[in-house]
Amino acid sequence: MTLQWHEFTSKDELDLKLAQSIAQQLQAAITERGSASLAVSGGRTPAGMFKALRTSAIDWSKVIITLVDERWVPIDHADSNERLTRENLLQDNAAAAQFISMVNDAATPHAGLAGIEAQLKQIKAPIDILILGMGDDGHTASLFPNAAELEAACASTDWVAAVTPPVAPHSRITLTLPTIAKARNLYVHITGEGKKELLQHAMQEQKSLTEQYPIRRVLDQSEQPAQVYWTA
Ligand SMILES: O=C(O)[C@H](O)[C@@H](O)[C@H](O)[C@H](O)COP(=O)(O)O
């Protein structure tokens, strides 16, 4: 799978340009199908882009937003991706969007899985726009190398799977690889030289890399060429 790289000289420029591209794709989906779906990643990278995206002049009432993955913590927890998304994206114009949470009152993501799966059925597959991040170990979403549930999450045709990362904190719920790979527009939003080198390395020819780096497995199966937005 080829990647289409978009490189920028500053984080602010990347955040603005990525937000503009996402807004264009959301508007195109609304124009074409009457609604749009957006799945966003959490972590430290996306906050600036969220702030640029939320003022976009599109009909947010026709947009349904969910997460690519979530830590199984209360939504007021400092590590909650839902909290990050509500505080940075679901404001201003984007406050009119519908949001589907990826956490519920169950004690574990395994126990809560069926309820989240049912909630996500409100989205008509495939997801229109999906934004991935990537960790320094080549994980994406919550598809972590060496996680016990990795193979199941990469093979499942359900919307979501429960994962216990070998090293990262909190048990997780994640969109499954087939769900991610079907997205109509797939973005990878990363910063720093280290992540650029890691992604380029992971995409080299050797098939064995697909096992070591979940980002490679996702991009090998994605139905559309991924748009990589990067700055040093
Ligand atoms: O819940 C999460 O942490 C994310 O969805 C995860 O996949 C993230 O995108 C990467 O870990 C990169 O995170 P940073 O942006 O913090 O480097």
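Heavy-atom basis, side chains included; hydrogens, waters and symmetry copies ignored. Read the numbers this way: they start at 1 and go in the same order the structure lists the ligands and their atoms.
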*Can you find a pair of side-chain heavy atoms, one from Leu67 and one from Glu82, that are under 4.5 Å apart?*
yes
*Among protein heavy atoms, which lies nearest atom 12 (C) of ligand 1, and at what distance?*
Met134 O, 3.4 Å
_Only heavy atoms of Arg172, strictly under 4.0 Å: list the atoms of ligand 1 that pass._
1 (O), 2 (C), 3 (O)
*Drop me the distance from Glu70's CD to Ser80's OG, to the nearest 0.5 angstrom.*
4.0 Å
*Is it true that Lys195 lies under 4.0 Å from ligand 1, counting heavy atoms only?*
yes
*Answer yes when Glu211 and Arg216 have at least one side-chain N-carboxylate O distance shorter than 4.0 Å, and no when they do not.*
no
_Minimum-distance pair of heavy atoms, taken over all atoms of Gln224 and Ala183_ = CG-O, 3.6 Å
*Between Thr45 and ligand 1, which residue portion shows a heavy-atom distance shorter than 4.0 Å: side chain, backbone, both, or neither?*
both
_Summary of side-chain hydrogen bond (donor to acceptor under 3.5 Å, both in side chains) pairs that have at least one residue in residues 176-185, sequence neighbours excluded_ = Asp128-Arg184, Thr176-Thr179
*For the ring pair Tyr229 and His189, is the centre-to-centre distance below 6.0 Å?*
no
*Name the closest protein heavy atom to atom 5 (O) of ligand 1, giving the residue it belongs to and the distance to 0.1 Å.*
Asp69 OD1, 2.4 Å
*For atom 13 (O) of ligand 1, find the nearest protein heavy atom and state the residue, atom name and distance (0.1 Å precision).*
Gly43 CA, 4.1 Å
*Residues in side-chain hydrogen bond (donor to acceptor under 3.5 Å, both in side chains) with Ser142, at least two apart?*
Asp69, Arg172
*Are any of the heavy atoms in Arg71 under 4.0 Å away from ligand 1?*
yes
*Tell me which part of Ala141 gets within contact of ligand 1: side chain, backbone, both or neither, using heavy atoms under 4.0 Å.*
backbone
*Just need the protein heavy atom nearest to atom 9 (O) of ligand 1, so name the residue and atom and give the distance.*
Gly133 CA, 3.3 Å
*Could you find the nearest protein heavy atom to atom 10 (C) of ligand 1 and give me its residue, atom name and distance?*
His139 NE2, 3.5 Å
*ligand 1 contact by Asn81, heavy-atom criterion under 4.0 angstrom*: yes
*Minimum non-hydrogen distance to atom 8 (C) of ligand 1, winning option of Pro46, Ser142, Gly42, Ala168*: Gly42
*Residues Arg83 and Glu87 bridged, charged N to O under 4.0 Å*: yes
